[in-house]
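Just so you know, ligand 1 is whichever comes first in the structure, and atom 1 is the first atom listed for that ligand.
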Amino acid sequence: MTETVLLTGVTGFIAKRIALDLLNAGYAVRGSLRSIKRADEVRDAVRPHIKDPVSLDHLSFVELDLTHDGGWDEAMIGISAVLHTASPFPMTQPKSDEDLIRPAVDGALRALRAARNAGVTRIILTSSMAAVMNKELAQGATVNEADWTDVNHPTATAYDKSKTLAEKAAWDFVADHPEMRLTTVNPGLVAGIPLDVKYGTSLGLIERFFLGSDPAVPDFGLPLVDVIDVSAMHLEALKRPETAGKRYCASAGFIAAPEIARILKEAYPNRKIATRVAPKWLLRILALMDPSVRSVLPTLGRLLEVDASRATTEMEIDFIPVRDSILASASYIASVKQA
Ligand code: NDP
């Protein structure tokens with residue numbers, strides 16, 4: 001019998017890829033979205049890549065909101081596992097941290113409670129490196145699954161707090177209900193080729209550099225990983241019961257933003273791509289007006305390393321190199337947007 005999994009936030013950049021991979025792997029997918037009106041958008045995104053057209057019949061939809069109870073219990077009927085990806089991921093930080101924290105934390109707990117009520121004990125949660133690496137660290141330090149973001153640290157944004165507190169709430173829930181088997185996947189910035197133009201915040205940074213939106217590049221760094229690998233990790237977690245109880249960092253490498261710009265400029269020398277590093281004083285002034293600049297200020301000049309070897313050894317993930325993912329994103333953006 002075909003196994004059915006609930007995939008929350010199926011309209012998302014990452015979840016659309018997970019839906020595709022699940023269908024191609026023979027699972028039935030019940031995708032949650034906020035409005036059923038977007039079901040065709042998801043079908044259209046996955047259809048061109050489906051190996052067997054019949055498997056598209058195994059994609060169904062259910063309306064769920066992270067901030068409302070309605071529908072969660074019904075959504076769990078006949079489900080063998082939940083892949084909970086839904087969480088707000090806006091381009092800029094909100095006025096109040098709670099605008100992100102509440103949907104992230106309450107949504108994760110709604111998913112876990114409803115699953116438990118229905119006897120669904122297997123949960124894969126899409127957390128983030130944002131829940132791992134924003135803490136007091138020496139320059140060049142290596143982080144791994146043992147690290148947790150300090151939500152009171154100056155580098156912790158509202159988004160970082162939302163991901164950290166949601167993941168913590170999930171682990172606390174599981175500690176109180178030991179029958180629940182939780183795995184978290186903690187990706188860095190996810191790049192690569194999206195399935196459609198609704199690629200959300202994730203490719204926003206590469207797009208901004210690629211389209212020459214700024215005269216210079218802020219000197220912050222981040223771990224980067226391809227959406228193909230992130231999706232593969234969700235499926236590996238599902239297939240491997242021994243991954244329960246563990247976090248898995250998803251990163252092909254830590255890269256500085258100016259290096260991303262250089263990779264783009266080298267591949268597209270005729271495009272207006274800025275590679276000059278923006279001076280800190282200028283960023284401080286810009287930050288007064290632009291919240292997206294404000295959110296990178298605390299991490300300027302910080303270089304870290306991520307040890308994602310747990311994913312390599314326990315899930316057999318052979319991470320796509322960061323350069324390839326960046327150029328894959330750029331090539332997609334070039335095909336859909338004018339400079
Ligand atoms: P998207 O913004 O593309 O997807 C987010 C999904 O969450 C969408 O389906 C969105 O629905 C849904 N969502 C947001 N708020 C609510 C709500 N109140 N109720 C129901 N659904 C909601 O982002 P990504 O695909 O990039 O991210 C998916 C997950 O991966 C998130 O948990 C994110 O934190 C995590 N992540 C992403 C990274 C990245 O670089 N992309 C890095 C690390 C972690 P709608 O379409 O209706 O807005």
Side-chain angles (χ1 to χ4, degrees), residues 6-20 31-39 41-42 45 61-72 75 82-92 94 98-111 124-134 149 157-167 170 184-207 222-231 233-234 247-252 255 260 306 308 322 325-326 329:
L6 176 67
L7 174 63
T8 67
V10 73
T11 50
F13 162 58
I14 296 173
K16 274 179 278 200
R17 172 69 64 165
I18 297 176
L20 169 68
S32 90
L33 26 65
R34 285 196 260 195
S35 165
I36 207 77
K37 288 185 190 144
R38 291 185 64 191
E41 174 194 319
V42 179
F61 297 94
V62 61
E63 279 188 4
L64 291 177
D65 195 301
L66 297 174
T67 58
H68 300 290
D69 287 331
W72 283 94
V82 177
L83 278 74
H84 182 58
T85 82
S87 201
F89 184 30
M91 186 69 85
T92 56
E98 290 298 308
D99 292 350
L100 293 191
I101 293 171
R102 289 279 49 96
V105 174
D106 298 350
L109 287 174
R110 277 197 171 86
I124 321 294
L125 173 77
T126 318
S127 184
S128 175
M129 286 303 297
V132 172
M133 61 181 203
N134 290 302
T149 283
T157 63
Y159 175 72
D160 299 335
K161 292 174 195 175
S162 77
K163 296 304 289 181
T164 308
L165 295 172
E167 194 195 326
T184 68
V185 177
N186 295 60
L189 181 73
V190 184
I193 303 178
L195 293 188
D196 66 11
V197 290
K198 300 240 169 104
Y199 45 74
T201 300
S202 202
L203 299 192
L205 180 75
I206 294 174
E207 179 181 288
L222 35 72
L224 194 139
V225 61
D226 200 283
V227 66
I228 291 173
D229 290 333
V230 174
S231 174
M233 286 174 69
H234 285 76
R247 313 169 85 198
Y248 287 84
C249 290
S251 166
I255 184 164
I260 297 178
V306 179
V322 290
S325 303
I326 292 164
S329 299

Measuring only between side-chain heavy atoms, which start at C-beta, is [X] closer than 4.5 Å to [Y]?
{"X": "Pro223", "Y": "Met133", "value": "yes"}
{"X": "Leu7", "Y": "His234", "value": "no"}
{"X": "Leu83", "Y": "Thr8", "value": "no"}
{"X": "Thr164", "Y": "Asn134", "value": "no"}
{"X": "Val62", "Y": "Leu6", "value": "yes"}

At a 4.0 Å threshold, what atoms of ligand 1 neighbour a non-hydrogen atom of [X]?
{"X": "Val190", "value": "38 (C), 39 (C), 40 (O), 41 (N), 42 (C)"}
{"X": "Phe13", "value": "3 (O), 25 (O), 26 (O)"}
{"X": "Phe89", "value": "23 (O), 26 (O), 38 (C), 39 (C), 40 (O), 41 (N)"}
{"X": "Leu189", "value": "40 (O)"}
{"X": "Pro88", "value": "14 (C), 15 (N)"}
{"X": "Thr126", "value": "29 (C), 30 (O), 32 (O), 35 (C)"}
{"X": "Gly9", "value": "9 (O)"}
{"X": "Leu64", "value": "20 (C)"}

Exercise. Under the 3.5 angstrom rule, does the side chain of Thr184 hit a backbone N or O of Leu125 as a donor-acceptor pair?
Worked result: no
Exercise. Sub-3.5 Å donor-acceptor pair from the side chain of Ser32 to the main-chain atoms of Gly9, do we have one?
Worked result: yes
Polar contact flag for [X] and ligand 1 (N/O pairs, less than 3.5 Å):
{"X": "Tyr159", "result": "yes"}
{"X": "Leu66", "result": "yes"}
{"X": "Ser202", "result": "yes"}
{"X": "Pro187", "result": "no"}
{"X": "Arg38", "result": "yes"}

Problem set entry | Structural part of Lys163 in contact with ligand 1, heavy atom criterion under 4.0 angstrom | side chain
Exercise. With Ser329, which of Val227, Ile260, Leu203 fulfils side chain to side chain contact (heavy atoms under 4.5 Å, CB included)?
Worked result: Leu203
Can [X] be said to touch ligand 1, with heavy atoms closer than 4.0 Å?
{"X": "Pro90", "result": "no"}
{"X": "Asp65", "result": "yes"}
{"X": "Ser127", "result": "yes"}

When you measure from [atom] to every protein heavy atom, which one gives the shortest distance, and what is it?
{"atom": "atom 8 (C) of ligand 1", "result": "Thr11 OG1, 3.6 Å"}
{"atom": "atom 42 (C) of ligand 1", "result": "Gly188 O, 3.1 Å"}
{"atom": "atom 12 (C) of ligand 1", "result": "Ala86 CB, 4.0 Å"}
{"atom": "atom 28 (C) of ligand 1", "result": "Thr85 O, 3.7 Å"}

Rounded to the nearest 0.5 Å, how far apart are [atom1] of [X] and [atom2] of [Y]?
{"X": "His68", "Y": "Leu66", "atom1": "NE2", "atom2": "CG", "answer": "9.5 Å"}
{"X": "Asn186", "Y": "Ser251", "atom1": "CG", "atom2": "OG", "answer": "11.0 Å"}
{"X": "Ile228", "Y": "Ile18", "atom1": "CD1", "atom2": "CD1", "answer": "13.0 Å"}
{"X": "Lys163", "Y": "Thr157", "atom1": "NZ", "atom2": "OG1", "answer": "11.5 Å"}
{"X": "Ile14", "Y": "Ser231", "atom1": "CD1", "atom2": "OG", "answer": "9.5 Å"}

For this session: Could you give me the CA-CA distance, side-chain angles and deciding distance for His84 and Arg110, then say whether side-chain contact (heavy atoms from CB on, under 4.5 Å) is met?
Result: CA-CA 10 Å; His84 182 58; Arg110 277 197 171 86; over 6 Å; no
Regarding [atom]: of the candidates [options], which has the closest heavy atom?
{"atom": "atom 7 (O) of ligand 1", "options": "Ser87, Ser32, Gly12", "answer": "Ser87"}
{"atom": "atom 14 (C) of ligand 1", "options": "Arg102, Arg34, Met129, Lys16", "answer": "Arg34"}
{"atom": "atom 37 (C) of ligand 1", "options": "Ile14, Thr8, Ile18", "answer": "Ile14"}

